[in-house]
Amino acid sequence: MAAEIVECELTGPWAGFLARPAAGDVGVGVLVLSGSSGRVERERCRLFARAGVSAMSVRWFGGPGQPPGICEVPLETFVAATGLLRERGAERVGILGVSKGAEAALSVSCLADCTDAVIALAPTSVVWANVGPGRDGREHPYRSCWTWQGQPLPFVPYDRSWAPTQPEGAPVAVLGWYESSLAAYADRLPAAAIPVEQTDADLVLVAGGADRMWPSLRFAHELADRRTTAGRKTTLITRPDAGHRTVFPGESAPPPSPRFDHGGTPEADATLGTAAWPHILTAVLGR
């Protein structure tokens, strides 16, 4: 029988959702961040709550008072969100992010002592240029996705000469765009690298080798190598035929996107999620 949970919609500084075990205070919380969809991850929060973890997901762009796109989003947003979990009784707090949410989780963990664990699904090892417009409504010139203490983080721009090869109307694989941008702006990579060797947080990386959105397996290995060089432990879970969207046990597989080719297969994505889930709970719970 599934554990009973209590859930509520959040209002105030963000639109959001909180789910927790009905049994009471467990002293552990996790902030769940979506990728570029910007959605509030209610199903994933419920999954954590049934596993004994208080879970919160918030809208971090596109809401009132926020940038309409992922453009110069203050990383303090996530510090404040983890603070709310602590105010609600969590003594240990993790951040789980997927794709752009993983970029945020990794970045903030290196700048603020706000999280005990980071779980990065389909991660990047560098900060990227904006996806969508900033507060001024403009997408160009390129700007950083993130700011810290009012200053933009160094970032990798996109190669504007790249064009998709898929037939018109077919879902687009943007993997080549990111690979082209990495090559075109190789001189920007050192400054834009996310310095995960600096964070004390436990780190779990989950990446599929058939990711068609960006080279998340390459990025995961780069992150793990930085940690190894610094003498820090990292858990890396991969599967060669999985794509960009990991599915955990008990979650619904997302429908195919008419816009993007995420790579992988539903079966491989679910198998990767099943393999990763115990490691994720261990990191979040601190056991």
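We're numbering straight along the sequence, starting at 1.
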Working for side-chain contact (heavy atoms from CB on, under 4.5 Å), residues E41 and L33
CA-CA 7 Å; E41 298 281 5; L33 303 178; over 6 Å; no

Could you check whether atom [atom1] of [X] has more than 12 heavy atoms from other residues, nucleotides or ligands sitting under 6.0 Å from it?
X	atom1	result
D187	CG	yes
E91	CD	no
R135	CZ	yes

ILVMFWY network linking [X] to [Y], side-chain heavy atoms under 4.5 angstrom:
X	Y	result
V53	L10	no
L75	F61	yes
M213	V247	no
V108	L106	yes
V118	V126	yes

Hey, could you give me the [atom1]/[atom2] distance between [X] and [Y], rounded to the nearest 0.5 Å?
X	Y	atom1	atom2	answer
T234	L223	OG1	CG	8.0 Å
I95	I119	CD1	CD1	9.0 Å
F260	Q166	CZ	CD	11.0 Å
R143	L153	CZ	CG	15.0 Å
L217	T238	CG	OG1	5.5 Å
R20	C8	CZ	SG	8.0 Å

Indicate yes or no for a side-chain donor-acceptor contact from [X] to the backbone of [Y] under 3.5 Å, with no hydrogens or angles considered.
X	Y	result
Q66	R59	yes
R226	S125	yes
N130	E72	no
E4	A23	no
R188	F155	yes
T228	A224	yes
W60	I70	no
T115	A117	yes
R44	S34	no
W214	V174	no

Would you confirm whether the ring centroid of H221 sits within less than 6.0 angstrom of the ring centroid of F219?
no

Mind checking whether W128 and Y158 have ring centres under 6.0 Å apart?
yes

Is it true that the side chains of H244 and S216 contain a donor and an acceptor less than 3.5 Å apart?
no

One thing to verify: whether [Y] and [X] come together as a salt bridge, which I'm taking to mean a side-chain N less than 4.0 angstrom from a carboxylate O.
X	Y	answer
R46	E43	no
R239	D269	no
D116	R86	yes
D261	R212	yes

Tell me, with the steps shown, if R259 and V172 meet side-chain contact (heavy atoms from CB on, under 4.5 Å).
CA-CA 6 Å; R259 185 178 179 190; V172 175; over 6 Å; no

Close side-chain approach of [X] and [Y], heavy atoms under 4.5 Å:
X	Y	result
L272	V206	yes
F48	V28	no
F78	V58	no
L182	R218	yes
M56	F17	no
S54	R88	no
Y142	S144	no
T77	W14	yes

Mind listing the side-chain donor-acceptor pairs of residues 189-199 below 3.5 Å, one per line with the distance, residues two or more places apart or on another chain?
unit_1 : atom_1 : unit_2 : atom_2 : d
T199   : OG1    : S109   : O      : 3.1
T199   : OG1    : A201   : N      : 3.1

For salt bridge (Lys or Arg N to Asp or Glu O under 4.0 Å), just list the numbers for K233 and D202, CA-CA rounded to whole Å, side-chain angles, deciding distance to a tenth of an Å, and then say yes or no.
CA-CA 8 Å; K233 181 181 176 182; D202 296 334; over 6 Å; no

Show every donor-acceptor pair shorter than 3.5 Å between a side-chain atom in residues 273-287 and any protein atom, with sequence neighbours excluded, or say none if there are none.
unit_1 : atom_1 : unit_2 : atom_2 : d
T274   : OG1    : A270   : O      : 3.0
T282   : OG1    : P278   : O      : 3.0

